[in-house]
Amino acid sequence: METVTLTMKNPPVLMLEADHISPDAFAGKTAAEIAALHAYEGREQFTLGKYFDVAGNGGKTAAETKIVVKGDVSRVKYIGMKMTAGEVVVENNADMYTGAWMQGGKLLVKGSVDAFTGIGMIGGELTIEGNAGNYLGAAYRGDWRGMQGGVIRVKGNAGSDIGTFMNGGTIIVEGNADVHVGTHQEGGKIIVKGNGKSKIGGQMVEGEIYVFGTIDVMMPGYKYVQDEELEVDGYKGRFALYHGDLGERHPKRKGQIVYGKLYQKI
Amino acid sequence: MTKTVTDVICPFCGTLCDDLEVEVSDDGKQIVDVYNACVIGAAKFLHSQASDRVKRPRMQQPDGSYKEVSYDEAVEYTAKMLASSKKPLMYGWSSTSCEAQSVGHEIAEQVGAIVDNTATVCHGSTLIAVQDVGIPSCTLGEVKNRADRIIFWGCNPCHAHPRHMSRYSIFPRGFFVNKGHKNRKVFVIDPRVTDTAKMADYHFQIEQGRDYELLSALRVALRNEWLPDTVAGIPKEKIYEAAEVLKSGRFGIIFFGMGVTQSLSKNHNIDNAIMLTKDLNEFTKFSIMAMRGHYNVTGSGQVLGWQFGFPYCVDLSRGFARYNPGETSSNDLLRRGEVDAVFVLGSDPGAHFPISSVKKFSELPSVAVDPHITPTTEVAKLHVPVAFVGVEVGGNCYRMDNVPIEARKVVDPPEGMLTDEEFLSRVNKRVKELMEAKK
């Protein structure tokens, strides 16, 4: 695997839209060719080379390319957007849309990320060691397809609106989550190991949400069903199962109504 | 002698009352009195006659004082500012005509600006919800003639839309509700005991920020499913009862305001309210409508919609339209330092944005176009006064139910004063020249 190292030398004044920072765009390119790829600051187009020192060449394919991003990229959007394979490591904080519409490969952010991380994600592994902003693994505005596959793991806390319109994949938040978890969820799994707030699973059709800590206010559309013994992300224990959201439509399968499942650790 | 101009449109709120009568002096220059309007609407007409009105553009000097400049200099400053910035924000648009908005958008397209309107701190969340789940709506005429179940959710029309209830929603005798308010059952959902709540048949004084739960509970009640004993502080019996009353109506309407669009849950509240409306349509006819504030904020959404496909927060910096509130919305842009110039027309962010945004705004090159002196014009580097739309110049406006209504001119503007459209057209021409020269 070839490694390309990007080091921020010239931070953008406004913000940088750098959707080319992905193994797919870097594959088969030399350092000079990578530095010539374009990025946008406001309405003006510049090259990655204006902002970053580029060291190392890309691998033959995306899968053979690793990108290490160093320096302050907290004002750089779209890192790893739509990447299908390979690896990206961001050593500090990143801005919005990190790993947006990601399809495969591994993306690791050692700091925190802003909103819209992993929106519309289809596959791959996205790990955030710090905190994540709002709309983690949600749908893009107006889209009815949120996260559909892959795994997002946040070691810190997550903001509001995680997993909106989600219909596949797994989101694991090891800290706390803000309001609105899994709104309109139609599949997939969300695990919150810390505390949840209110509005968890509002308008949820199907899928699973696990909350290890407290829930401020339970949605009125959730009805207690039974206790269950489960293993969730390495933890074995008892969970109370709630069915919901009873106010929402629910499909029938094999004569049975399918509900969204909300589990709370006992 | 005075003469009376009839059928005047009121350019204050989204109700766009169209039955005002304005008495003007014989020479047509002075407004003597305004009839039929609410106090706020009347004040808007009379204020155009204020003796201390600013009549020429003024530039803020480094010491904070103002220097009068000509319109030519104002056009030059504005055009240069927009043409030389990397990502300007063009905000406002809600208190002007659709014609002026259209010219403004032409400028925005040339300079790669972000066009945002006051919905961003108002009914923007409604627009997000509409994009997510659609909206079953109607006109205010249908409400007047048919509605026998009225819900005011998180809004207080007594004070914000003073003639709404007497013209459309509660008191008028309609074709199918010929006893007026006696035919109508009024629900108010509000944590405060407002003047509107005092008039209601049912006032649900819910816990602050629990609208989403109550909306959800009403949907659960409609399906006769299980509910906990209280939801949002309201006993479940009352929720089941409300669901029955709503179901038994012939035509219902939900009006909602800032109490649900700008409190916890924002777009999700509206999303769920729209879904409640949809559910109620399985039993009877039901509609839902936003109580829009500025008289032409709906028009701004319409014009942006047909020109760029999105109703607010439109980012044109990359040469095509993008939209993502939370990223391309004015406050996020200002707070995060993503814009390098601000142009404001027909709105007052200085008074309504958080201080962190206004601080950023004060540090950037900025222009405010407004007939009044406002907190925004005091922060902006250049203040360009213009004629009042709907008083001194006509133009197209959209009522809160998306019905376009042509505003009327009543008196002449002060001599030599430009209208929004004229000022923008001149800036547009100059921007075109500057952008050509750049190539």
Side-chain angles (χ1 to χ4, degrees), chain A residues 12-17 19 40-46 74-75 77 95-97 100 114-116 119 133-135 138-144 159-161 164-165 178-180 183-184 197-199 201-204 216-224 243-250 259, chain B residues 85-88 111-114 128 130-133 207 209-210 212-228 230-232 236 239 264-269 271-272 275-276 279 310 313 315-319 322-328 332-333 336-340:
Chain A
V13 181
L14 298 177
M15 87 308 299
L16 194 65
E17 294 184 7
D19 33 320
Y40 284 89
E41 188 176 348
R43 67 166 178 240
E44 288 170 31
Q45 189 179 312
F46 300 101
S74 58
R75 296 180 73 75
K77 296 179 184 174
D95 199 22
M96 293 173 168
Y97 300 104
D114 210 313
F116 312 110
I119 55 167
N134 303 335
Y135 292 98
Y140 192 54
R141 295 265 180 232
D143 202 337
W144 62 96
S160 68
D161 295 283
T164 304
F165 284 108
D178 205 341
V179 293
H180 287 289
T183 311
H184 284 290
K197 283 199 175 168
S198 55
K199 341 271 180 190
Q203 294 169 278
M204 181 182 185
D216 286 356
V217 178
M218 185 67 104
M219 282 296 295
Y222 278 82
K223 189 180 178 184
Y224 171 76
H243 274 172
D245 180 336
L246 300 180
E248 192 57 60
R249 76 197 148 81
H250 290 284
Y259 289 106
Chain B
S85 50
K86 278 197 188 111
K87 196 169 185 179
V111 301
I114 291 193
I128 296 173
V130 171
Q131 196 187 11
D132 280 342
V133 293
E207 286 169 23
R210 296 277 163 242
Y212 188 71
E213 279 85 349
L214 186 57
L215 284 159
S216 200
L218 279 165
R219 295 183 63 199
V220 173
L222 284 182
R223 288 168 205 258
N224 278 321
E225 293 272 12
W226 174 91
L227 272 180
T230 57
V231 177
K236 70 173 176 192
I239 298 170
L264 186 61
S265 289
K266 295 184 156 212
N267 57 313
H268 299 287
N269 286 333
D271 183 325
N272 225 354
M275 294 311 285
L276 170 65
D279 289 351
F310 304 111
C313 293
D315 178 358
L316 299 165
S317 61
R318 291 272 288 266
R322 291 185 297 174
Y323 151 94
N324 193 12
E327 181 199 12
T328 62
D332 297 276
L333 292 166
R336 284 164 46 90
E338 288 200 22
V339 286
D340 54 357

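If you're wondering where the values come from, they're calculated on a predicted model, not measured in any experiment. Chain letters run A, B, ... following the sequence lines, proteins first, then strands; residues in each count from 1.
Salt bridge present: A:K77 and B:E338 bring a charged side-chain N and a carboxylate O closer than 4.0 Å. Using a cutoff of 4.0 Å between basic side-chain nitrogens and carboxylate oxygens, B:R219 and A:D245 are not scored as salt-bridged. The pair B:E213-A:K199 meets the salt-bridge criterion, with a side-chain N (NZ, NE, NH1 or NH2) lying under 4.0 Å from an Asp/Glu carboxylate O. In summary, B:R223 and A:E248 do not engage in a salt bridge, as defined by a charged side-chain N under 4.0 Å from a carboxylate O.
Side-chain N/O atoms of A:R43 and B:S85 include no donor and acceptor closer than 3.5 Å. Side-chain polar atoms of B:D271 and A:H184 form a donor-acceptor pair below 3.5 angstrom. With hydrogens and angles left out, the side-chain atoms of B:N324 and A:Y135 include no donor and acceptor closer than 3.5 Å.
Residue contact with chain A, scored on non-hydrogen atoms closer than 4.5 Å, involves the backbone and the side chain of B:V111 alike. Proximity to chain A involves both the backbone and the side chain of B:S265, based on heavy atoms less than 4.5 angstrom apart. Heavy-atom distances place no part of A:N134 under 4.5 Å from chain B, backbone and side chain included. The part of A:Y222 that comes within reach of chain B is its backbone (N, CA, C, O), which places non-hydrogen atoms under 4.5 angstrom from that chain.
Residues satisfying the side chain to side chain contact (heavy atoms under 4.5 Å, CB included) criterion with A:R249, sequence neighbours excluded, are A:E186, A:V205.
Note that A:R141 lies outside the cation-pi zone of B:Y323, set by a 6.0 Å cut-off to the ring centre and a 45° limit from the axis.
Between B:E327 atom CD and A:F116 atom CZ the span is 6.5 Å, to the nearest 0.5 Å. Atom CD of A:E17 sits about 5.5 Å away from atom OG of B:S317, to the nearest 0.5 Å.
Heavy-atom pairs under 4.5 Å with chain B peak, among A:V13, A:D95, A:V179, A:D143, at A:D95.
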**Report entry** Check against side-chain contact (heavy atoms from CB on, under 4.5 Å), A:E41 and B:K86
**Finding:** CA-CA 7 Å; A:E41 188 176 348; B:K86 278 197 188 111; 3.8 Å; yes

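Between the side chain of B:R210 and the backbone N or O of A:V217, no donor-acceptor pair lies under 3.5 Å.
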